[in-house]
Amino acid sequence: MKLPKVCQILGEYVAFDFEWDNTTHIMLAASFVNNLGSKKVYLNSHSEIALLENIKAELLEYSWSIGWNSNTSFENNNNGGTSNGGNLNDIANDNFIADDVQCDLGVLYERCETNGIDNIIFKSQKGSRAYYSIPGLYHIDLYQVYNKQMVQNTIYNRAYRTHKLDDVSKALLRHGKFKGLGGKDFLKLSIKDRKKYSLRDSELVMELSKHSNFEVLDAMLAISEITGLDFERVCRTNLTTWWGVLFDQMIQNGECPEPFNTFDRESVKYKGALVLDPKQGLYHNTVVVDAASLYPTVSIHSNLSFDTVNCKCCKNNSRAKVKLNDTFFKGCKFISKNKCWICQKREGAFPKKLKIFRHERLQQKKLGNGAKQLALKILINGGYGVFGHTKFSYYNPMVAELVTTYGRYTLTKMQDIAKKLGFHIIYGDTDSLFLNNPPSKITLSKFQKLCKEKLDIENEEKNTYNTLILSAGKKHYIGYENGLVAIVGYEGKKNDRCEFVKETFNGLINSIIKNNTNPIPALEKAMYTLESGKVDPKLLKKSIRLGQNPKDYKSQTCQAAKIGRAVGAKKGELVEYFDSNIKKTGRSWSKNYRHIDISKYKQSLWNSVSEVLEITKYPVNELAEKFDVRTIKRKNNNDGHVMQNLPAV
DNA sequence: TATAACTGCTTACC
DNA sequence: ACTGGTAAGCAGTTATG
């Protein structure tokens with residue numbers, strides 16, 4: 001096996017985890033696992049100082065260490081664990097700890113100071129955040145790496161829902177923390193189990209660092225090579241920083257001018273992608289075509305960049321004007337037909353880099369360099385978005401809006417081409433078209449050829465669905481291809497629904513689309529089981545992930561704020577609850593399974609399955625009456641389109 | 001008192 | 001320190017007949 005590149009940099013390195021008392025911060029335990037397999041645990045059995053000395057000695061053994069949530073204290077929001085407050089007056093609350101330290105290195109720093117012993121940790125403060133480092137040594141907070149949006153989306157395809165070690169480990173390693181326990185339970189454990197608990201955390205961090213043959217860290221290292229930023233910095237920064245230094249370098253090298261347009265940084269939304277109205281129905285033989293990397297492509301074709309849009313030199317050049325029909329500017333916030341132009345004299349910094357990255361990515365793919373390939377993919381795909389980010393030093397919403405506008409133009413032209421060839425377009429989203437009953441394989445390749453000729457766009461045949469259930473609502477469909485069912489967007493699949501609804505929904509879909517069996521008996525059984533109260537409450541548990549700390553919600557009355565406040569949860573945490581009846585219990589939610597409001601669950605189940613039943617011609621009104629649930633009104637985009645019921649091919 | 005319209009939020013798609 | 005917009009459904013509030 002080829003040694004991962006990251007190992008050549010890190011050499012022998014250690015993952016660590018500390019346990020401390022939540023209120024006093026007294027250090028209770030620490031564990032260390034190195035990449036060669038050596039494992040150590042220290043407990044605070046007689047003296048905290050002895051433990052602290054052991055920790056320091058271990059850390060100094062290695063030039064590189066890795067932790068989880070280890071070097072940054074993010075939010076100073078601890079309300080002392082009391083749940084009486086949690087409101088906007090918390091600042092004045094005596095229980096509020098202004099400088100609560102919430103990371104491993106921070107607690108180590110604090111405990112060394114408190115005990116009056118030598119410190120190996122350095123503290124720096126930036127705004128409301130404190131950063132801790134070990135001078136002379138390198139440290140990576142793996143939490144910050146797995147917290148990156150592009151790692152979650154591009155690499156792991158949203159496999160984990162929260163960024164807690166337990167959640168990420170369960171999703172990627174298939175096992176989590178010791179007996180699923182949390183830090184609060186630590187002191188309740190026996191000495192033996194305390195050791196196991198602490199050690200497990202370090203083991204998980206080490207395993208995550210190595211996951212998929214160092215996939216993530218190798219990609220970060222590749223980004224470090226591409227951008228010239230050091231590895232540690234790449235691990236704690238994101239796309240705006242990376243693209244920022246790339247452009248900085250180009251300016252320094254004289255490859256492009258400094259940005260000349262300035263914008264208010266008020267974060268006004270700009271117009272985005274085109275999503276076609278789906279023609280609701282059941283289809284057989286549908287091809288989905290997809291324009292390959294649409295946004296980078298249009299950025300290159302139209303030379304869109306911070307240094308080309310509304311340049312100094314081409315204002316009066318008629319060739320520089322954006323030659324798009326008026327309709328494409330409708331609803332735009334930053335561009336209009338007569339107020340923007342694109343430089344004709346110089347290639348923009350952004351397309352220039354994109355071209356290089358694209359070419360390089362192909363080369364690296366051929367060479368089998370997965371990490372470099374992935375790093376380039378991350379940079380290429382994330383390049384357009386940073387122009388719409390107000391904190392990006394090259395923020396330029398005109399560039400972002402031109403990219404999406406050319407994207408809308410391209411999808412519209414693709415539709416024209418498809419229509420002329422006799423295709424029936426039933427849906428499309430941003431860069432894709434759903435073509436029903438393509439006349440033939442030959443017309444399909446004709447479509448691809450014309451898109452290439454007229455638009456210089458490569459179209460890939462992404463899916464060929466034998467059966468397709470297309471919802472009237474956008475971003476919702478179910479496709480069946482080669483024995484595989486793809487459920488896209490449906491509420492019955494979303495993570496804030498309970499397991500019971502998700503399972504029943506899944507069963508129903510499989511029964512209809514895959515097994516060709518009558519789904520109604522199973523649905524009746526599910527409804528009956530719900531009514532009889534025999535469903536395991538575990539399966540009825542709902543959950544929401546807090547986007548804010550409860551006190552920070554703009555709407556203090558929204559469900560997330562209310563539940564979060566009541567249970568003392570923090571930003572990023574998952575809160576579990578049951579739906580209950582507000583008239584009976586005073587709340588629409590409850591932690592107590594005895595308060596479960598079955599009618600809400602029946603309605604939720606019905607809402608997620610009813611449209612599919614309607615499309616597949618089951619008697620929905622009759623069933624709704626039978627189950628005692630409300631039917632829901634849905635818009636219909638059919639435009640007189642006749643639903644098809646052709647046999648599957 | 002009932003319902004529609006609206007806002008805020010989470011989750012998903014691209 | 002932080003890539004983007006589009007869109008669905010739900011809880012909860014406010015306007016309206």
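Each of A/R497 and A/T237 was assigned the nucleotide of DNA chain C with the nearest heavy atom; the assignment lying further toward the 5' end belongs to A/T237. Between A/Y427 and A/R161, it is A/R161 whose nearest contact on DNA chain B lies nearer the 5' terminus.
Here the side chain of A/L239 is nearest to one of B/dC14, C/dA8, C/dT3, namely C/dT3. Looking at the side chain of A/Y131, the nearest of the listed nucleotides B/dA12, C/dT3, C/dA1 is C/dA1. The side chain of A/V488 has B/dC14 as its nearest neighbour among B/dT10, B/dC14, C/dC2. Looking at the side chain of A/T240, the nearest of the listed nucleotides B/dC14, B/dC9, C/dC2 is C/dC2. Which of B/dT11, C/dT3, C/dA1 sits closest to the side chain of A/K126 comes down to C/dA1. Distances were taken from every side-chain heavy atom of A/K475 (C-beta onward) to each of C/dG5, B/dT11, B/dC9; the shortest belongs to C/dG5. Of the candidates C/dA1, B/dC9, C/dC2, the closest approach to any side-chain atom of A/Y553 belongs to B/dC9. Closest to the A/Y270 side chain, of the nucleotides C/dG4, C/dC2, B/dC13, is C/dG4. Closest contact between the side chain of A/A560 and the listed nucleotides B/dT11, B/dC9, C/dT3 involves B/dC9. If you check B/dT11, C/dA1, C/dA7 against the side chain of A/V275, the one that comes closest is C/dA7.
Within the 4.0 angstrom heavy-atom criterion, only backbone atoms of the sugar-phosphate kind lie near A/Y477; the bases stay farther away. The residue A/G385 sits close to a base: some heavy atom pair falls under 4.0 Å. The residue A/A400 sits apart from the nucleic acid: no heavy atom pair falls under 4.0 Å. Contacts of A/T390 with the nucleic acid, taken as non-hydrogen atoms under 4.0 Å apart, are absent.
Between A/Y138 and A/F231, the ring center distance fails the sub-6.0 Å criterion. Taking the six-membered ring for Trp and the full ring otherwise, the centers of A/F328 and A/Y409 sit less than 6.0 Å from each other. Ring centers of A/W243 and A/F387: at least 6.0 Å apart, outside the cut-off.
Paired regions of DNA chain C, where each region holds three or more successive Watson-Crick or G-U pairs whose two hydrogen-bonding distances fall under 3.5 Å, are B:2-14 with C:4-16.
The NZ atom of A/K333 sits 15 Å away from the C1' atom of C/dG4 (whole-angstrom rounding). C/dC10 atom C1' lies 11 Å from atom CZ of A/R630, rounded to whole Å. In this structure, A/H476 places its NE2 atom 8 Å from C1' of C/dG9, rounding to the nearest Å. To the nearest angstrom, P of C/dA1 lies 15 Å from CE of A/M150. A/L433 has its CG atom 13 Å from the P atom of B/dC14, to the nearest Å. For A/Q548 and B/dT10, the CD to P distance is 7 Å, given to the nearest whole Å. Separating the CZ atom of A/F350 from the C1' atom of C/dT3 is a distance of 10 Å, rounded to the nearest angstrom. A/Y490 places its OH atom 10 Å from the P atom of C/dG9, with the value rounded to the nearest Å.
The closest side-chain donor-acceptor pair between A/D597 and A/S599 falls under 3.5 angstrom.
The side chain of A/H389 contributes an N or O atom lying less than 4.0 Å from OP1 or OP2 of C/dG4. At the phosphate of B/dG8, OP1 or OP2 sits under 4.0 Å from a side-chain N or O atom of A/K554. Side-chain N/O atoms of A/S432 include none lying less than 4.0 angstrom from OP1 or OP2 on B/dC14. Here A/N381 does not reach the OP1 or OP2 of C/dT3: none of its side-chain N or O atoms lies under 4.0 Å away. OP1 or OP2 of C/dC10 has at least one side-chain nitrogen or oxygen of A/N607 nearer than 4.0 Å. Checking the phosphate oxygens (OP1, OP2) of C/dA1, no side-chain nitrogen or oxygen of A/N238 falls inside 4.0 Å.
Partner of A/D579 under the side-chain hydrogen bond (donor to acceptor under 3.5 Å, both in side chains) criterion, chosen from A/K542, A/H595, A/K600: A/K542. Of the residues listed (A/E576, A/R497, A/R161), the one engaging A/S543 in a side-chain hydrogen bond (donor to acceptor under 3.5 Å, both in side chains) is A/R161, and it is the only one.
A distance-only check finds a donor-acceptor pair linking the side chain of A/K271 to the backbone of A/K330 [under 3.5 Å].
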Step-by-step side chain to side chain donor-acceptor pair (under 3.5 Å) determination, A/S305 to A/D307 = CA-CA 5 Å; A/S305 183; A/D307 58 331; 2.5 Å; yes
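Under the 6.0 Å distance and 45° angle rule, A/K126 counts as a cation-pi partner of A/Y131.
Counting non-hydrogen atoms of other residues, nucleotides and ligands closer than 6.0 Å to NZ of A/K413 gives a total of 12 or fewer.
Ion pair A/R236/A/D141 not flagged as a salt bridge, since none of the NZ, NE, NH1 or NH2 atoms sits closer than 4.0 Å to an Asp/Glu carboxylate oxygen.
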Identify all pairs in which a protein N or O lies below 3.5 Å from an N or O of nucleotides 11-14 of chain C, and state each distance.
unit_1, atom_1, unit_2, atom_2, d
C/dG12, OP1, A/K562, NZ, 3.4
C/dG12, OP1, A/S588, OG, 3.1
C/dG12, OP2, A/S588, OG, 3.0

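Within the structure, salt bridge (Lys or Arg N to Asp or Glu O under 4.0 Å) pairs that include any residue of residues 372-398 of chain A comprise A/E225-A/K372 (at least two apart or interchain).
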